[in-house]
Q: 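Got a structure for you, questions after.
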Amino acid sequence: MPRKNISHEKIAEHVQRLGELYPPIALDSVDRTIKRPDLVAARFGHVIDYLARVELEVDRNVLELLVLLPDVDDTNKIFYSDVWQPQEIQHGLILDRLQQDLGRQPAAPYLDVSFKIKILGALASLKPIQEVAKLLYFLTGASTERQAVLAYNQINTGLKELGETAISQTIITPIKQQEPGHFAFYQMSATAMIQDKVLKPWQLFFARVIRERSYNLVGTNAMPEYKADMGGVAVDLGIDQDLAGYAREIGRVESRLLWADRQGMEFPPYILEALRESVQMYQERLQRGLALS
Ligand SMILES: [Fe+2]
Ligand SMILES: [Fe+2]
């Protein structure tokens, strides 16, 4: 599929525009009126808990980036330090306060950089490995930001149906406006690497192998508890009704860039497997809970 070349200037301009258009959302810009907190908590409490934690984990994501990409360039530096981190941390703080307004526990973000990332980081002092890590970092960003866009869209629809105008208009809508720009940054950055042929065939092969073995849905941190939580989010948002359709949505960028030679692959199979695993783990947890009660 022919696409217009993505220049580094274009990505740099995009980052600058995001910074100008979307200052971090201030905590006191939020209208905290909730008409029926019990109902909102019952329908979306678990999803809001999950998103609050994941947004607050942005500080770990920045540490991971510094471990994986020690030679990060100016555009990436400006993106994570001036645009992305300041925006995401506000998403986290606002959602964390919302979940407490709903009578739920404060978020407990997981902030330790994993052993696997540290190993890959040690290897990333070698330039060819760092190039692989960079592509995987961008693909992860594209997939997770897409998941954020979809989740906020679905919550917003649900909140409007419940007539919760204040939270919809002053929390979810402003957050939701900032996510597509993050997605576009990662999508353009990954596309530019492939289009510029930064990676040699062996590096691309290596990238596919690692991706297949380490793909994680947003916020699961490769940990069973979080995977089961994510399964709960998928059920609450109705994603479980069409897991393949959702896999297609969140896997589109990497299907195109990493698996272009696999004719007819609608989405990378490991994405659907991760979704199925999460939903199954959630259902097993529910059954365990029922068995105990
Ligand atoms: Fe966010
Ligand atoms: Fe984001």
Q: What verdict does the side chain to side chain contact (heavy atoms under 4.5 Å, CB included) test give for Gln130 and Leu68, after you've listed the backbone C-alpha separation in whole Å, the side-chain angles of each residue and the deciding distance to 0.1 Å?
A: CA-CA 7 Å; Gln130 188 169 160; Leu68 288 176; over 6 Å; no

Q: From Ile175 CD1 over to Gln177 CD, what is the distance, rounded to the nearest 0.5 angstrom?
A: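 Spacing of CD1 (Ile175) from CD (Gln177) equals 10.5 Å.
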
Q: Nearest 0.5 Å, what's the CG-CD1 distance between Leu199 and Ile194?
A: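 It is 6.0 Å, given to the nearest 0.5 Å.
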
Q: Tell me whether Gln203 contacts the main-chain N or O of Pro128 through its side chain, where contact means a donor paired with an acceptor under 3.5 Å.
A: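 Such a contact is found between Gln203 side chain and Pro128 backbone.
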
Q: To the nearest 0.5 Å, tell me how far Asn216 CG sits from Glu277 CD.
A: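 If I round to the nearest 0.5 Å, the distance is 8.5 Å.
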
Q: Closer than 3.5 angstrom, by distance alone: can the side chain of Lys35 be matched with the main-chain N or O of Gly163 as a donor-acceptor pair?
A: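 Present.
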
Q: Keeping Arg36 on the side-chain end and Leu162 on the backbone end, is there a donor-acceptor pair under 3.5 Å?
A: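 Looks like yes, one N/O pair under 3.5 Å.
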
Q: Using modelled atom types only, decide if a donor and an acceptor are shared between the side chain of Ser168 and the backbone of Leu159 within a distance under 3.5 Å.
A: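 Between the backbone of Leu159 and the side chain of Ser168 there is no qualifying donor-acceptor contact (under 3.5 Å).
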
Q: May I ask you to decide if Ile250's main-chain N or O and Ser143's side chain share a donor-acceptor pair within less than 3.5 Å?
A: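 Checking the backbone N and O of Ile250 against the side chain of Ser143, a donor-acceptor pair under 3.5 Å is found.
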
Q: What I'd like to find out is whether the side chain of Arg43 reaches to under 4.5 Å of the side chain of Ile155, using heavy atoms alone.
A: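 Contact flag for Arg43/Ile155 side chains = no.
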
Q: Should Leu136 and Val209 be regarded as members of a common hydrophobic cluster, given that ILVMFWY residues are connected when their side-chain heavy atoms come within less than 4.5 Å of each other, either directly or indirectly?
A: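 No.
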
Q: Test the Arg213-Tyr270 pair against the cation-pi criterion, namely NZ or CZ under 6.0 angstrom from the six-membered ring centroid and within 45° of the ring axis.
A: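 No; the conditions do not both hold, so Arg213 does not lie above the ring face of Tyr270.
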
Q: Does Arg60 reach the main-chain N or O of Tyr110 with its side chain, forming a donor-acceptor pair under 3.5 Å?
A: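 Yes; judged by distance alone, with no hydrogens or angles, the pair exists.
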
Q: Give, for atom CD1 of Ile48 and atom CG of Asp96, the distance between the pair rounded to the nearest 0.5 Å.
A: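 The distance works out to 11.5 Å.
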
Q: Are Tyr152 and Val30 grouped together when hydrophobic residues (ILVMFWY) are joined by side-chain heavy atoms under 4.5 angstrom apart?
A: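 Yes, same cluster.
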
Q: Check the hydrophobic clustering (I, L, V, M, F, W, Y; side-chain heavy atoms under 4.5 Å; chains of links allowed) and say if Leu56 and Met223 are grouped together.
A: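 In one cluster with Leu56: Met223, no.
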
Q: Quick one, Phe79 and Tyr186 - any side-chain contact, counting heavy atoms below 4.5 Å?
A: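 Answer yes - side chains close enough.
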
Q: Is it true that atom CD of Gln105 has more than 12 heavy atoms of other residues, nucleotides or ligands lying nearer than 6.0 Å?
A: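 Not more than 12 within 6.0 Å, no.
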
Q: Decide yes or no on side chain to side chain contact (heavy atoms under 4.5 Å, CB included) for Phe115 and Ile119, but give the supporting numbers first.
A: CA-CA 6 Å; Phe115 187 63; Ile119 297 273; 3.8 Å; yes

Q: Is any side-chain heavy atom of Arg97 closer than 4.5 Å to one of Gln100?
A: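 Result no, sub-4.5 Å side-chain heavy-atom pair not found.
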
Q: I'd like to know if the side chain of Ser29 reaches the main chain of Ile25, judged simply by a donor and an acceptor atom lying under 3.5 Å from each other, with no hydrogens or angles considered.
A: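 Such a contact is absent between Ser29 side chain and Ile25 backbone.
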
Q: Decide side chain to side chain contact (heavy atoms under 4.5 Å, CB included) for Gln280 and Leu275; before the verdict, give the C-alpha distance in whole Å, the side-chain angles of both, and the deciding distance to 0.1 Å.
A: CA-CA 9 Å; Gln280 195 186 339; Leu275 286 163; over 6 Å; no

Q: Quick one: are Glu179 and Leu150 in side-chain contact, heavy atoms under 4.5 Å?
A: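 The answer is no; the side chains never approach within 4.5 Å.
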
Q: We want to know whether Asn156 and Lys176 form a side-chain donor-acceptor pair, criterion being a heavy-atom distance below 3.5 angstrom.
A: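 Side chains of Asn156 and Lys176: no pair found under 3.5 Å.
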
Q: Taking Asp71 for the side chain and Leu69 for the main chain, is one N or O donor matched with an acceptor at less than 3.5 Å?
A: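 No; judged by distance alone, with no hydrogens or angles, the pair does not exist.
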
Q: Using the rule side-chain hydrogen bond (donor to acceptor under 3.5 Å, both in side chains), only one of Arg256, Glu145, Arg252 pairs with Gln187; which is it?
A: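 Per the side-chain hydrogen bond (donor to acceptor under 3.5 Å, both in side chains) rule, the option paired with Gln187 is Arg256, out of Arg256, Glu145, Arg252.
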
Q: Counting C-beta onward and ignoring hydrogens, is there a side-chain heavy-atom pair between Tyr215 and Glu254 closer than 4.5 Å?
A: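 With C-beta onward as the side chain, the pair touches.
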
Q: Considering only heavy atoms from C-beta outward, does the side chain of Pro268 approach that of Ile271 to under 4.5 Å?
A: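 Contact flag for Pro268/Ile271 side chains = yes.
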
Q: Given the ring of Phe206, does Arg208 sit roughly above its face, with NZ or CZ under 6.0 Å from the centre of the six-membered ring and within 45° of the axis?
A: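 Ring-cation test returns no.
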
Q: Please check: side-chain N/O of Gln87 versus main-chain N/O of Tyr22, any donor-acceptor pairing under 3.5 Å?
A: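 Between the backbone of Tyr22 and the side chain of Gln87 there is a qualifying donor-acceptor contact (under 3.5 Å).
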
Q: How about Val54 and Leu51: do any of their side-chain heavy atoms sit closer than 4.5 Å?
A: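 Result no, sub-4.5 Å side-chain heavy-atom pair not found.
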
Q: If only atom types and distance count, is the side chain of Thr144 paired as donor or acceptor with the main-chain N or O of Gly141 below 3.5 Å?
A: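 Checked: pair present.
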
Q: If you measure from CD1 on Ile34 to CG on Leu98, what distance do you get to the nearest 0.5 Å?
A: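 Ile34 atom CD1 to Leu98 atom CG measures 5.5 Å (nearest 0.5 Å).
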
Q: Below 4.5 Å, heavy atoms only, C-beta onward: do Arg211 and Leu139 meet side chain to side chain?
A: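 A side-chain contact under 4.5 Å exists here.
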
Q: Please report the closest heavy-atom contact between His14 and Phe185, naming both atoms and the distance.
A: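 Residues His14 and Phe185, closest heavy atoms: NE2-N, 3.6 Å.
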
Q: Between His46 and Asp229, what is the shortest heavy-atom contact and its length?
A: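 Distance-wise, the nearest heavy atoms are NE2-O, 2.8 Å.
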
Q: Enter the distance from Leu204:CG to Leu135:CG here, rounded to the nearest 0.5 Å.
A: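 Result: 7.0 Å between the selected atoms.
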
